[in-house]
Peer 1: 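Shown below is the structure under consideration.
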2 protein chains.
Amino acid sequence: MTGAEARAWAYLSRVAEPPCALLAALVATFGPEDAAERVRRGEVADELVKLTVARRDLDCAAEDLETLAKLGGRLVTSQSAEWPHYALSTLAVAEERPASQSQPPLVLWAMGPERLVDVAERACAIVGTRAATSYGEYVAGDFAAGLVERDVAVVSGGAYGIDGVAHRAALAAGGVTLAVLACGIDVPYPAGHAAMLRRIGREGLVVTEYPPGERPARYRFLTRNRLVAALSGATVVVEAGLRSGAASTAAWARSLNRPVCAVPGPITSASSAGCHVLLRDGANLVTRAADVVEFVGRIGELGIEPHRPTGPLDDLTNVERQVYEALPARAARTADQISVAAGVPVERVFGPLAALELAGLVARRNGRWQISRDLTRLEGVAE
Amino acid sequence: MTGAEARAWAYLSRVAEPPCALLAALVATFGPEDAAERVRRGEVADELVKLTVARRDLDCAAEDLETLAKLGGRLVTSQSAEWPHYALSTLAVAEERPASQSQPPLVLWAMGPERLVDVAERACAIVGTRAATSYGEYVAGDFAAGLVERDVAVVSGGAYGIDGVAHRAALAAGGVTLAVLACGIDVPYPAGHAAMLRRIGREGLVVTEYPPGERPARYRFLTRNRLVAALSGATVVVEAGLRSGAASTAAWARSLNRPVCAVPGPITSASSAGCHVLLRDGANLVTRAADVVEFVGRIGELGIEPHRPTGPLDDLTNVERQVYEALPARAARTADQISVAAGVPVERVFGPLAALELAGLVARRNGRWQISRDLTRLEGVAE
């Protein structure tokens, strides 16, 4: 990218509130430098004039690029080798989302050693409420660590609560994490996460659509959420209130045809209520990082079924079970007594008794059968 | 019911392990007395001989009826006015369940002032693990109380844990509860629930397929669970481990085409793991008794949507929001400054500013606008 090109991209990044479909179309037609010049002169369609007139004379592209350079950052555009074409391509055709937002970004301001296209190839968003409970924090940390263990990058929004825990746990586990900001790359927001975001910028990747100095705003959080969803193979909502930004990320993921996962929690917790709404609406219920990898991972990479405890009586046939259950807790019984108690003809209790004896479940003494000492009766009377 | 008929039913109830399709068919053909006589003499099909030979000479019908009478109980059969034909009719056609169990009961031993058919008309099963946590106990109690408040009877299995809490909460709320036992009606099982079961027998209803004195057994719990499901319009699993009897009740409910509901819980709790498996398998996620009533209740009786908090900024148009967000936390701005900050042409910021002023969100002073004092900036920067 030449200096002039970079300045054009930087100018375009600020001249209209992103994403801007008309501006993107202009750039696609004329290239960044020519497009920037046309915008500056107002030689564009009336609609685009309206969207750019307020800022078209404000050219701080050189300063912006200097700010970026000081941070060791770079511009990433559709002409960059690390542009995640595949991940972002579906944004233009997302259904059921505001058309004004259903656009790939024009420019991303990026900072960090990871290449965006590599991160997006195998990434999962972990998002949730800022008002996380200790349960949510535990789960977010556990999932993030489990994902990076499986080579999945953790994408989030850098916010307090679930986002921050997910980023930190990914870093702590030596994994890759990507923070997508709703403000300029030089804006320490939220303030308490300034150090964490710097660390992500050194060890992982921070990206934003917004030029330096831009402050976060409510509509920018919503716009940012689409990138969190788009850059992730799946989105996991760990904790979310009924009114939560995480729900918007989930809605984006759904529109982009990416799996939405939600973690259930106590119904008594307001911080899980949004997750329960998502689950009702068809989100995938996940309880372990391995569950999530099924959705993010390469085809054929499936979670392993959780271990289900089994008991010694599980493999019995019906009649064996009936015979076994007919034996009292401690006393021994004759075959006739067992026959009556079990409701099984006497000539048909010997086979089952022999099988039970072989399995070590019953013992025979003096022509009577009893339950083996090392099994308590309670096992038979399971809930 | 004549004394001879009652004795015949009692005899038939014990002579084969219930449910027994062949025996039921015999009774349907010949009536209870003739059927009992044929079984006693062995004048039945070979297959039925095998199922009855062990107990056919054991006639304690008179004693059994005496035991029942002492408890103030009664026999309920398909000839009784209170037989719940509708609720039990689907049992014979349940899919995906062992054919040997997919049968209505032949006889029910019953105790309590409530009529079975009335209870089953508007009832919900609340079931779960014996190893309930305090969370599960809270939820079971809350749901049971909420259901009886809405005139829904609470059906369960009388076990420790979730079952017991559900029964007790229903009684405490002055509602109807039905306990379905896996043992004789005179058997105090589990021992610690003897007093509770007696109370249900006085104030609600206790029923069982098993004749007096019969002890509970693992396969009887499974068989009993089908009645819990069949006698309920819906089944709610509150807490269940991965290996839980509640899952069998849920499977029966599904086979009977009755809604299965499950309550989510912390993924860190083994006592909720079974609920999460059910939810993944398509069970309805419920968080309040009102949710459940939708499934049990009369048509048109729907749960009310939970209250979703809304903010003062929710109703803004996109451009109004952009303008609002362009205002800093405390300082006032001119229209030109707002135009640049918001990326909105200056002639298009006045309309939104007027609307925001009307809504009390911004205030104008000396040709500048600022955010109203009583709204903190943080509301704009929602997660």
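Just so you know, these numbers come straight off a predicted model, no measurement behind them. Values reported hereafter were calculated over all heavy atoms of this structure, with side chains retained and with hydrogens, waters and symmetry mates removed. Just so we're on the same page: letters track the sequence lines, and every chain starts at 1.
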Peer 1: For chain B, which of A:A16, A:A342, A:P264, A:A182 has the most heavy-atom pairs under 4.5 Å?
Peer 2: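 Maximum pair count with chain B is reached by A:P264.
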Peer 1: Parallel under 30°, tilted from 30 to 60°, perpendicular over 60°: which one fits the rings of A:Y189 and A:F221?
Peer 2: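 Correct class here is tilted.
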Peer 1: Please classify the contact between A:Y160 and chain B as side chain, backbone, both or neither, with a heavy-atom cut-off of under 4.5 Å.
Peer 2: neither
Peer 1: Can you find a pair of side-chain heavy atoms, one from B:V263 and one from B:Y135, that are under 4.5 Å apart?
Peer 2: yes
Peer 1: Given the options A:Q322, A:E214, A:R56, which has more heavy-atom pairs under 4.5 Å with chain B than any of the others?
Peer 2: A:Q322
Peer 1: Could you note down all residue pairs passing side chain to side chain donor-acceptor pair (under 3.5 Å) where residues 333-344 of chain B supplies at least one of them, sequence neighbours left out?
Peer 2: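 Every pair satisfying side chain to side chain donor-acceptor pair (under 3.5 Å) with a residue in residues 333-344 of chain B: B:T334-B:Q337.
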Peer 1: Please tabulate, for the side chains in residues 46-54 of chain B, all donor-acceptor contacts under 3.5 angstrom to protein atoms that are two or more places apart in sequence or on a different chain.
Peer 2:
residue	atom	partner	partner atom	Å
B:E47	OE2	B:K50	NZ	3.3
B:T52	OG1	B:L48	O	2.6
B:T52	OG1	B:V49	O	3.4

Peer 1: Most heavy-atom pairs under 4.5 angstrom with chain A, which of B:R14, B:R321, B:E17?
Peer 2: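 Option with the top pair count is B:R321.
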Peer 1: Who wins among B:S269, B:P345, B:P266, B:S272 for the most heavy-atom pairs under 4.5 Å with chain A?
Peer 2: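 The residue among B:S269, B:P345, B:P266, B:S272 with the greatest pair count is B:P266.
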Peer 1: Could you check whether any side-chain N or O of A:R55 sits under 3.5 Å from a backbone N or O of B:A341, counting only pairs where one atom can act as donor and the other as acceptor?
Peer 2: yes
Peer 1: Between B:S248, B:G265, B:G157, which residue shows the highest count of heavy-atom pairs closer than 4.5 Å to chain A?
Peer 2: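 Most heavy-atom pairs within the cutoff with chain A belong to B:G265.
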Peer 1: Report the C-alpha separation of B:L12 and B:L106 in whole Å, then their side-chain angles, then the decisive distance to 0.1 Å, and conclude whether the side chain to side chain contact (heavy atoms under 4.5 Å, CB included) test is met.
Peer 2: CA-CA 8 Å; B:L12 293 164; B:L106 190 65; 3.9 Å; yes
Peer 1: With a 4.5 Å cut-off on heavy-atom pairs, point out which of B:V139, B:L285, B:D57, B:T268 contacts chain A the most.
Peer 2: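 Of the options given, most contacts go to B:L285.
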